[in-house]
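Read the structure below first, then the notes.
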Amino acid sequence: MRRIPSRLWLLCALYFVQGLPFGFQVTALPVYLRTRGVSLAALGFAGALSLPWMLKALWAPLVDRYGSERVGRRRSWILPMQAGLALACAGAAFAAGRESLLLLLGLIFVMNLFAATQDIAVDGFAVDLLRPEELGLGNTAQVVGYKLGMLTGGGLLVWASASIGWSGLFLVMSALCLTVFTIVLFVREPPPREAEGPESAKLDWPALWARIKSALTVPGTGWLLLFIGTYKLGETMSDVLYKPFLVDSGYTPAQIGLWVGTWGTAASLLGSTCGGLLVARLPLLRAVALTGTLRLLPLAGRWLLTQTGVSDAGVLGVTLTEEFFGGALTTVMFAFMMSRTDRRIGATHYTLLASVEVAGKAPTGPLAGLLADPKFGNLGYGNMFLLGVVLSAAFLALLAPLRRNVPTPAAPQPAS
């Protein structure tokens with residue numbers, strides 16, 4: 001068996017830390033708020049706490065431009081962000097102990113801010129180091145590490161909160177962040193893979209902006225951005241309402257945390273690993289088409305639950321299947337995005353693409369909540385799940401024009 005390079009384990013650990021706060025927000029927070037009587041309309045707007053993930057492209061050029069050569073171009077951003085994340089988690093433990101919901105929500109926003117900024121540097125680190133043949137394995141480490149963090153923050157620790165309380169949950173998150181911080185503190189950042197060539201010179205601001213403009217004006221970029229921005233649209237609309245649907249169907253937070261937050265995330269991890277294997281064996285767009293098509297089946301299964309009634313077997317089957325195929329599609333798409341990235345501005349370019357992905361699905365939370373809420377759209381869970389299937393099927397239609405207009409990264413330019 002081929003030995004997995006240590007840099008991939010490091011990437012996995014870094015993405016793990018970034019997944020902790022987002023896992024709590026996505027999986028545990030909707031259940032927490034719904035059990036306290038928060039309306040579906042208000043629940044949809046809780047997604048605004050992840051706004052830093054959508055806007056991080058605004059400060060990504062700073063991460064690409066500045067960094068200490070002595071500490072490491074990427075480590076000089078990663079270390080302070082991890083320290084800030086650990087402190088924010090400790091503050092959330094205090095807020096949870098005081099049952100201050102407003103302060104807790106504010107600190108979750110701050111956690112996402114630190115994690116999103118770290119993500120810029122870690123993405124740049126990955127783009128620097130991964131060889132083309134390592135994209136599948138590297139993006140598997142990325143997605144699996146992130147989802148392990150989500151599993152821990154939104155599943156295992158929520159389950160353990162029955163014993164350690166909400167304050168204990170955030171204290172454990174803080175300790176995990178400090179553990180990875182300590183590991184990174186003693187890791188020497190290797191030079192970028194292309195450091196021996198003329199492209200290794202640090203870009204000044206004019207050259208950086210010129211490079212960004214070049215990357216965004218390559219023919220076919222418009223189709224690429226539309227493709228990235230819509231691939232999760234229908235799935236996210238369905239996801240936002242799935243956990244409240246289970247609550248309203250009579251399932252307890254403990255059951256949802258175990259089935260969706262723990263077992264579901266485990267299925268997603270398995271799917272992400274399989275997605276990485278697909279990348280090594282199929283052309284990237286063919287792998288996207290396959291996983292995107294298979295994803296339609298469990299999304300339709302959610303709609304079927306609203307028509308035939310829920311059962312433990314039905315909920316488990318739909319949950320695990322959706323998480324598996326959704327995880328596979330995510331890994332394949334991230335590998336495709338990284339293959340389109342200009343390595344010279346890796347942190348900025350990949351962050352721009354990732355921000356488009358986040359921005360594309362961001363409106364679906366508030367929109368789904370409003371459309372489903374009896375006081376507003378009153379479409380109900382069934383119609384909204386069906387809409388999610390339709391939007392996910394429509395995304396596949398973009399494969400045809402994208403195949404004809406796939407942009408390639410800008411060619412290297414001589415250093416001035």
Side-chain angles (χ1 to χ4, degrees), residues 5-19 52-82 84-85 113-132 134-135 137-143 145-146 180-181 184 187-197 199-205 207-212 214-216 228 334-358 409-410 412-413 415:
S6 59
R7 62 178 178 274
L8 295 185
W9 290 112
L10 178 60
L11 283 177
C12 190
L14 291 169
Y15 284 113
F16 169 84
V17 167
Q18 294 164 199
W53 290 95
M54 183 173 64
L55 300 179
K56 62 180 180 175
L58 296 178
W59 57 92
L62 295 174
V63 179
D64 249 335
R65 176 67 182 88
Y66 296 108
S68 167
E69 293 184 4
R70 183 175 63 86
V71 177
R73 181 184 180 191
R74 306 306 184 186
R75 287 175 72 250
S76 56
W77 285 91
I78 292 170
L79 289 171
M81 292 304 105
Q82 284 189 327
L85 184 56
L113 178 62
F114 285 131
T117 304
Q118 175 182 310
D119 186 61
I120 299 170
V122 177
D123 285 343
F125 179 74
V127 171
D128 287 343
L129 297 182
L130 293 178
R131 303 178 180 89
E134 292 179 323
L135 288 180
L137 192 59
N139 281 275
T140 298
Q142 174 189 13
V143 177
Y146 190 80
V180 178
F181 171 87
V184 178
V187 168
R188 181 180 178 87
E189 181 177 328
R193 184 169 60 88
E194 298 177 351
E196 66 273 9
E199 285 286 289
S200 63
K202 183 180 290 187
L203 292 170
D204 56 21
W205 279 110
L208 177 62
W209 292 117
R211 197 75 177 186
I212 293 172
S214 175
L216 295 179
I228 294 171
F334 282 8
F336 175 71
M337 288 160 54
M338 193 166 288
S339 74
R340 301 298 94 202
T341 299
D342 182 344
R343 291 181 178 272
R344 185 73 190 278
I345 50 168
T348 299
H349 194 187
Y350 188 83
T351 296
L352 284 169
L353 298 181
S355 295
V356 170
E357 188 255 356
V358 175
Q413 301 170 356

Review point. Looking only at heavy atoms, which two atoms of Val63 and Arg74 are closest? And how far apart?
Key: O-NH1, 4.0 Å
Review point. Among all residues two or more places apart in sequence or in another chain, which pass the side-chain contact (heavy atoms from CB on, under 4.5 Å) test with Leu352?
Key: Ala57, Ile212, Leu216, Thr348
Revision key, fill the gap. On a heavy-atom basis, the closest approach of Gln18 and Val122 is OE1-CG2, 3.3 Å
Point to revise | Listed partners of Gln82 passing side chain to side chain donor-acceptor pair (under 3.5 Å), at least two apart | key: none
Point to revise | CZ-CG distance between Phe336 and Leu353, expressed to the nearest 0.5 angstrom | key: 9.5 Å
Review point. Mind checking whether Phe181 and Leu85 have side chains closer than 4.5 Å, heavy atoms only?
Key: no
**Study point:** Nearest atoms (heavy-atom pairs only) where Asp123 meets Gln142
**Key:** OD1-NE2, 3.7 Å
Check your understanding: Yes or no on side chain to side chain donor-acceptor pair (under 3.5 Å) for Trp77 and Thr117, after CA distance, side-chain angles and deciding distance?
Key -> CA-CA 8 Å; Trp77 285 91; Thr117 304; over 6 Å; no
Check your understanding: Can you tell me how far the CD atom of Gln118 sits from the CG atom of Leu79, to the nearest 0.5 Å?
Key -> 9.0 Å
Practice item. Please identify each residue that fulfils salt bridge (charged side-chain N to carboxylate O under 4.0 Å, His left out) with Asp119, with sequence neighbours left out. Key: Lys56
Review point. Which heavy-atom pair separates Val180 from Ala13 by the least distance, and what is that distance?
Key: CG1-O, 3.9 Å
Study note, to complete from the structure: For Ser355 and Trp53, the nearest pair of non-hydrogen atoms, with its separation, is OG-O, 4.0 Å
Review point. Distance from Tyr350 atom OH to Phe125 atom CZ, nearest 0.5 Å?
Key: 15.0 Å
**Study point:** Nearest-0.5 Å distance that lies between atom CE in Met337 and atom OG1 in Thr341
**Key:** 7.0 Å
